[in-house]
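What follows is a single structure, written as C-alpha coordinates, with notes after it.
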Amino acid sequence: MQLKKQKDDDGANPAAVVVPSARRGARWRGVVAAVLGGALAAVLGTALHAQIWYLNGVGIPAGALASVVLATSIAVFVAVSARSVFFAALTGGVAYILVGLAASFSAGALIAAGVEVEGALPPVAVAGYVWVVGLAVGTVAAVALSWWALRPSARRPGSSSVADAL
(Lines give C-alpha, C1' and ligand atoms only; values in the text may rest on other atoms or scores of the structure.)
Protein backbone atom coordinates (compact mmCIF):
# COMPACT_ATOMS: atom_id res chain seq x y z
CA MET A 1 0.00 0.00 0.00
CA GLN A 2 1.41 3.31 -1.01
CA LEU A 3 0.40 6.67 0.48
CA LYS A 4 -0.45 9.49 -1.85
CA LYS A 5 1.23 12.81 -1.27
CA GLN A 6 -1.11 15.72 -1.03
CA LYS A 7 -0.31 18.27 -3.69
CA ASP A 8 -2.62 21.07 -2.68
CA ASP A 9 -2.63 23.05 0.55
CA ASP A 10 -5.70 22.43 2.65
CA GLY A 11 -4.64 24.98 5.28
CA ALA A 12 -4.30 22.40 8.04
CA ASN A 13 -0.56 22.95 8.28
CA PRO A 14 0.33 26.57 7.66
CA ALA A 15 3.43 27.07 5.59
CA ALA A 16 6.46 28.75 7.08
CA VAL A 17 6.92 32.37 6.21
CA VAL A 18 10.01 33.01 4.15
CA VAL A 19 11.49 36.45 4.61
CA PRO A 20 14.16 37.24 2.05
CA SER A 21 17.29 38.70 3.53
CA ALA A 22 18.07 42.25 2.63
CA ARG A 23 20.46 42.65 -0.19
CA ARG A 24 23.81 44.23 0.48
CA GLY A 25 22.78 47.37 -1.44
CA ALA A 26 19.72 47.82 0.75
CA ARG A 27 21.85 47.65 3.90
CA TRP A 28 24.25 50.26 2.56
CA ARG A 29 21.34 52.52 1.67
CA GLY A 30 20.14 52.15 5.25
CA VAL A 31 23.57 53.06 6.62
CA VAL A 32 23.77 56.11 4.33
CA ALA A 33 20.25 57.15 5.33
CA ALA A 34 21.11 56.77 9.03
CA VAL A 35 24.29 58.85 8.70
CA LEU A 36 22.52 61.56 6.70
CA GLY A 37 19.53 61.49 9.06
CA GLY A 38 21.79 61.75 12.10
CA ALA A 39 23.68 64.66 10.55
CA LEU A 40 20.41 66.40 9.67
CA ALA A 41 19.05 65.88 13.20
CA ALA A 42 22.29 67.19 14.74
CA VAL A 43 22.48 70.29 12.56
CA LEU A 44 18.80 71.23 12.73
CA GLY A 45 18.49 70.35 16.41
CA THR A 46 21.57 72.35 17.35
CA ALA A 47 20.28 75.34 15.39
CA LEU A 48 16.82 75.08 16.95
CA HIS A 49 17.57 74.14 20.56
CA ALA A 50 18.39 77.65 21.82
CA GLN A 51 14.89 79.00 21.08
CA ILE A 52 13.41 80.02 24.42
CA TRP A 53 9.78 80.91 25.08
CA TYR A 54 9.14 83.19 28.03
CA LEU A 55 5.95 82.65 29.94
CA ASN A 56 5.41 85.03 32.87
CA GLY A 57 9.15 85.63 33.05
CA VAL A 58 10.05 81.94 33.08
CA GLY A 59 12.16 80.66 30.21
CA ILE A 60 10.83 77.44 28.64
CA PRO A 61 13.29 75.58 26.36
CA ALA A 62 10.73 75.01 23.60
CA GLY A 63 13.40 74.79 20.93
CA ALA A 64 15.23 72.04 22.78
CA LEU A 65 12.04 70.05 23.22
CA ALA A 66 11.22 70.50 19.53
CA SER A 67 14.77 69.43 18.64
CA VAL A 68 14.39 66.21 20.60
CA VAL A 69 11.06 65.45 18.91
CA LEU A 70 12.61 66.20 15.50
CA ALA A 71 15.63 63.95 16.09
CA THR A 72 13.42 61.14 17.41
CA SER A 73 11.13 61.44 14.39
CA ILE A 74 14.03 61.33 11.95
CA ALA A 75 15.45 58.21 13.64
CA VAL A 76 12.08 56.43 13.54
CA PHE A 77 11.58 57.42 9.89
CA VAL A 78 14.98 56.06 8.90
CA ALA A 79 14.45 52.79 10.79
CA VAL A 80 10.98 52.16 9.41
CA SER A 81 12.09 53.06 5.88
CA ALA A 82 15.04 50.67 6.11
CA ARG A 83 12.90 48.07 7.94
CA SER A 84 15.45 47.60 10.71
CA VAL A 85 15.45 48.84 14.30
CA PHE A 86 19.24 49.01 14.18
CA PHE A 87 19.07 52.10 11.98
CA ALA A 88 17.16 54.07 14.64
CA ALA A 89 20.05 53.49 17.03
CA LEU A 90 22.60 54.31 14.35
CA THR A 91 20.82 57.56 13.43
CA GLY A 92 20.64 58.65 17.07
CA GLY A 93 24.26 57.64 17.67
CA VAL A 94 25.49 59.66 14.69
CA ALA A 95 23.48 62.68 15.85
CA TYR A 96 24.81 62.35 19.41
CA ILE A 97 28.43 62.09 18.24
CA LEU A 98 28.05 65.13 15.97
CA VAL A 99 26.41 67.18 18.73
CA GLY A 100 29.21 66.19 21.11
CA LEU A 101 31.85 67.16 18.56
CA ALA A 102 30.15 70.49 17.91
CA ALA A 103 29.96 71.19 21.64
CA SER A 104 33.59 70.30 22.28
CA PHE A 105 35.10 72.18 19.32
CA SER A 106 32.91 75.28 19.26
CA ALA A 107 33.88 78.63 20.71
CA GLY A 108 33.40 78.88 24.46
CA ALA A 109 30.97 81.77 24.06
CA LEU A 110 28.50 79.51 22.27
CA ILE A 111 28.18 77.07 25.17
CA ALA A 112 26.55 78.62 28.20
CA ALA A 113 26.36 75.47 30.32
CA GLY A 114 28.86 76.65 32.95
CA VAL A 115 27.48 80.18 33.29
CA GLU A 116 25.43 81.13 36.31
CA VAL A 117 23.24 84.18 36.54
CA GLU A 118 22.27 85.17 40.08
CA GLY A 119 22.71 81.58 41.30
CA ALA A 120 20.66 79.99 38.51
CA LEU A 121 21.47 78.64 35.10
CA PRO A 122 20.30 80.82 32.23
CA PRO A 123 17.52 79.36 30.08
CA VAL A 124 19.91 78.83 27.16
CA ALA A 125 22.10 76.58 29.33
CA VAL A 126 19.03 74.61 30.42
CA ALA A 127 18.11 74.28 26.75
CA GLY A 128 21.56 72.85 26.02
CA TYR A 129 21.19 70.27 28.77
CA VAL A 130 17.70 69.35 27.55
CA TRP A 131 19.03 68.96 23.99
CA VAL A 132 21.99 66.74 24.91
CA VAL A 133 20.20 64.55 27.46
CA GLY A 134 16.98 64.59 25.43
CA LEU A 135 18.82 63.37 22.35
CA ALA A 136 19.94 60.27 24.25
CA VAL A 137 16.43 59.68 25.60
CA GLY A 138 14.96 60.33 22.15
CA THR A 139 17.28 57.74 20.62
CA VAL A 140 16.08 55.11 23.09
CA ALA A 141 12.48 56.15 22.39
CA ALA A 142 13.12 55.92 18.63
CA VAL A 143 14.43 52.37 19.03
CA ALA A 144 11.34 51.42 21.04
CA LEU A 145 8.94 53.06 18.58
CA SER A 146 10.71 51.47 15.62
CA TRP A 147 10.58 48.07 17.27
CA TRP A 148 6.85 48.55 17.89
CA ALA A 149 6.22 49.62 14.29
CA LEU A 150 8.31 46.80 12.81
CA ARG A 151 7.30 43.95 15.10
CA PRO A 152 6.12 40.85 13.22
CA SER A 153 2.53 41.02 14.53
CA ALA A 154 2.14 44.42 12.89
CA ARG A 155 2.95 42.90 9.49
CA ARG A 156 0.70 39.83 9.67
CA PRO A 157 -2.51 40.04 7.66
CA GLY A 158 -5.58 40.14 9.82
CA SER A 159 -3.85 41.52 12.90
CA SER A 160 -3.83 45.11 14.02
CA SER A 161 -1.25 47.05 12.10
CA VAL A 162 0.42 50.40 12.43
CA ALA A 163 -2.07 51.89 9.97
CA ASP A 164 -4.99 50.62 12.08
CA ALA A 165 -3.49 52.16 15.22
CA LEU A 166 -3.34 55.57 13.56
Side-chain angles (χ1 to χ4, degrees), residues 22 26-156 159-166:
R27 285 286 175 201
W28 280 109
R29 282 192 299 271
V31 169
V32 169
V35 169
L36 291 176
L40 182 68
V43 169
L44 293 178
T46 300
L48 179 65
H49 85 277
Q51 301 298 316
I52 308 295
W53 288 353
Y54 288 94
L55 184 64
N56 294 329
V58 176
I60 299 171
L65 296 172
S67 295
V68 171
V69 170
L70 175 69
T72 304
S73 300
I74 290 172
V76 170
F77 176 77
V78 168
V80 170
S81 296
R83 293 187 178 107
S84 175
V85 175
F86 168 75
F87 293 115
L90 183 60
T91 303
V94 167
Y96 202 81
I97 288 169
L98 292 176
V99 167
L101 288 173
S104 63
F105 290 121
S106 65
L110 294 176
I111 301 175
V115 178
E116 289 189 17
V117 178
E118 298 176 11
L121 286 174
V124 175
V126 172
Y129 286 130
V130 169
W131 171 224
V132 172
V133 173
L135 183 56
V137 172
T139 299
V140 172
V143 168
L145 288 169
S146 300
W147 172 83
W148 179 81
L150 294 171
R151 71 191 188 283
S153 64
R155 291 181 282 181
R156 262 190 236 129
S159 67
S160 65
S161 66
V162 175
D164 295 337
L166 300 176

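In what follows, residues are counted from 1 in the order of the sequence shown.
Using a 4.5 Å heavy-atom cutoff, the side chains of L65 and V69 are not in contact. Inter-residue side-chain proximity for L44 and L40 is flagged as met; some heavy-atom pair is nearer than 4.5 Å. Taking the side chain as every heavy atom from C-beta outward, R27 and S84 approach each other to under 4.5 Å.
Residue A88 comes nearest to T139 through the heavy atom pair O-CG2, 4.3 Å, listed as atom of the first residue, atom of the second, then distance. For L150 against A79, the heavy-atom pair with the smallest separation is CD1-O, 3.7 Å. What you find for S67 and L48 is that their closest heavy atoms are OG-CB, 3.5 Å. In plain terms, the two heavy atoms of A42 and A95 that are nearest each other are CB-O, 3.8 Å. For the pair G30 and A82, the tightest heavy-atom approach, listed with the atom from each and the gap, is CA-CB, 4.2 Å.
With sequence neighbours left out, A34 forms a side-chain contact (heavy atoms from CB on, under 4.5 Å) with V78, F87, L90, T91. Contacts of V68 classified as side-chain contact (heavy atoms from CB on, under 4.5 Å), with partners at least two apart in sequence or in another chain: T72, W131.
Between the S146 side chain and the V85 main chain, no donor and acceptor come within less than 3.5 Å of each other. No donor-acceptor pair closer than 3.5 Å links the side chain of T46 to the backbone N or O of V43.
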